[in-house]
Amino acid sequence: MIRADLHSHTKYSHGADEPEEMFAAANARGLEILGFSEHSPRPQGYDYTHEYREKLAAGFAEYVSRVQDLKKMPGCRVLLAMEMDWLDGQEDFIRKACSAHDFDYLLGSVHFIGRWGFDDGDAQWKNWDDTQRFAHYERYFALWRQMLSSGIFQIAAHPDLIKIFSAESFHKWLSREKSREQIADCLDVLKQQGMAMEISSAGLRKPCREIYPCPTLMVLAAKCGVDITFASDAHCVADVGRDFARLANYARAFGFSRQAVFCQGEKTYLPF
């Protein structure tokens, strides 16, 4: 049984529910640990169609205060985290944001290639052929490696998010030895940094209809011996701990038997 969900969002960004409601859902589902990992505000110019930056920035201190209050409540253990976008050329901004509060751990993720939020709709993806898509996959994992190498983060969130609107092409790209070598190199960096790779049920709710990461990455991760964490990437109470039985079976199939948990720089493990 997976006992810790280390990736969740609230109404302070593009989620639907209050922190207290997410906490109640975690308790109702028998979780022992819930990580609140709200997005960090982004700089101007890194924009989504339905942008929530101003709302998030205005409410972030209040959000932190509410999560800190939940830490004192009986029930599942609450951890304060943040999901930080890796933005090429913005490392000073990133480091400042990541040191602004007393976070238990930090999730690193890549949502932007340059100024383009590649998961902000499928319109462009539909117009590209495999050659164009492959170039974006390569760029994504180059940025992912930068994020891993920074030494800032404890968890690499949804490792193959780039497949969200083009899973079939992504698997074609993964069939190339060069592609697998690029990812294996990234995973070596992840392990050297003492990070963990997130296994997330969120992809099952997205157009790709696949767990993050896909089986090819799971094989490479198992071979490398990386640590893992589990996540729902919940944006509403219905998603907290969602599909965790499926995630547990999936991870066991590749030889994993424990998940990492981070608290104030200390890494511990839970069996599942």
Side-chain angles (χ1 to χ4, degrees), residues 2-9 33-40 79-88 90-91 93-112 140-163 180-203 211-214 216-233 247 250-251 254-272:
I2 296 172
R3 295 179 281 165
D5 187 345
L6 298 186
H7 190 162
S8 65
H9 299 282
I33 299 173
L34 176 63
F36 283 90
S37 56
E38 196 54 273
H39 290 284
S40 169
L79 299 175
L80 174 65
M82 184 172 71
E83 181 181 4
M84 183 77 232
D85 288 322
W86 183 257
L87 306 170
D88 195 16
Q90 295 287 342
E91 189 165 338
F93 177 92
I94 292 167
R95 289 188 179 277
K96 183 177 180 180
C98 289
S99 61
H101 297 280
D102 188 21
F103 297 111
D104 287 303
Y105 61 92
L106 295 160
L107 297 172
S109 60
V110 177
H111 293 84
F112 286 82
Y140 170 85
F141 281 105
L143 291 167
W144 200 58
R145 192 185 192 284
Q146 287 182 22
M147 181 272 290
L148 300 172
S149 299
S150 70
I152 298 172
F153 307 101
Q154 286 73 52
I155 299 173
H158 37 59
D160 54 355
L161 177 65
I162 190 70
K163 72 185 179 186
R180 296 193 300 275
E181 288 175 350
Q182 182 182 11
I183 293 170
D185 174 62
C186 291
L187 292 169
D188 282 338
V189 174
L190 186 152
K191 184 176 182 180
Q192 290 165 16
Q193 293 287 358
M195 294 176 64
M197 181 188 75
E198 180 184 273
I199 301 176
S200 171
S201 60
I211 291 170
Y212 299 128
C214 69
T216 299
L217 268 73
M218 291 292 287
V219 169
L220 293 171
K223 184 176 181 180
C224 185
V226 303
D227 289 328
I228 62 166
T229 62
F230 291 109
S232 64
D233 199 349
L247 287 193
Y250 182 69
F254 296 96
F256 294 100
S257 60
R258 65 180 188 175
Q259 78 170 109
V261 175
F262 296 88
C263 180
Q264 293 292 300
E266 181 182 356
K267 178 167 46 173
T268 56
Y269 296 96
L270 295 174
F272 64 88

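All values reported here derive from a predicted model rather than from experimental measurement. The residues of the chain are indexed from 1 along the displayed sequence.
Proximity of E198 to P213: side-chain heavy atoms (C-beta onward) are nowhere separated by under 4.5 Å. Within the 4.5 Å cutoff, no side-chain heavy atoms of T268 are placed close to those of C263. Counting only heavy atoms from C-beta outward, the side chains of I199 and M218 approach each other to under 4.5 Å. Residues F141 and D185 fail the side-chain proximity criterion, which asks for heavy atoms closer than 4.5 Å. Between P159 and W144 the shortest side-chain heavy-atom distance falls below 4.5 Å. Side-chain contact between M147 and I152 is absent, with no heavy atoms from C-beta onward closer than 4.5 Å. Two residues are said to be in side-chain contact when any heavy atoms from C-beta on lie closer than 4.5 Å; H7 and F230 fail this criterion. Between D102 and L80, every side-chain heavy-atom pair lies at or beyond the 4.5 Å cut-off.
Taking the six-membered ring for Trp and thresholds of 30 and 60 degrees, F262 and Y105 have ring planes inclined between 30 and 60 degrees apart. Taking the six-membered ring for Trp and thresholds of 30 and 60 degrees, H9 and H39 have nearly parallel ring planes, at less than 30 degrees apart.
M197 CE to D227 CG: the interatomic distance, rounded to the nearest 0.5 Å, is 10.0 Å. With values rounded to the nearest 0.5 angstrom, Q182 atom CD is found 11.5 Å from L220 atom CG. In this structure, CD1 in I183 is found 12.5 Å from CG in L190, a value given to the nearest 0.5 Å. To the nearest 0.5 Å, atoms OH (Y250) and OG (S201) are separated by 12.0 Å. The distance from the NE2 atom of H101 to the OG atom of S40 is 9.0 Å, given to the nearest 0.5 Å. Note that CG of D5 is 10.0 Å distant from CZ of F36, once rounded to the nearest 0.5 Å.
Shortest non-hydrogen contact noted between C98 and F153 is SG-CE2, 4.1 Å. Across S200 and D233, no two heavy atoms sit closer than the pair OG-CB, 4.1 Å. Listed here is the closest heavy atom pair of C224 and K191: O-NZ, 3.1 Å. Between Q193 and L148 the shortest heavy-atom distance is CG-O, 3.2 Å. Here the shortest heavy-atom pairing between A260 and K267 reads CB-CD, 3.9 Å. Shown here for V189 and S149, the closest heavy-atom pair between the two residues is CG1-OG, 3.5 Å.
Between the Q259 side chain and the I228 main chain, no donor and acceptor come within less than 3.5 Å of each other. D160 contributes no side-chain N or O that, together with a main-chain N or O of L217, makes up a donor-acceptor pair within less than 3.5 Å. Formation of a donor-acceptor pair under 3.5 Å by the D104 side chain with backbone atoms of A81 is not found in this model. Under a 3.5 Å cut-off, the side chain of S37 and the backbone N or O of S8 do form a donor-acceptor pair. Side-chain atoms of Q154 come within 3.5 Å of backbone N or O of L106 as a donor-acceptor pair.
For E266, the CD atom is loosely surrounded, since the number of other residues' heavy atoms within 6.0 Å does not exceed 12.
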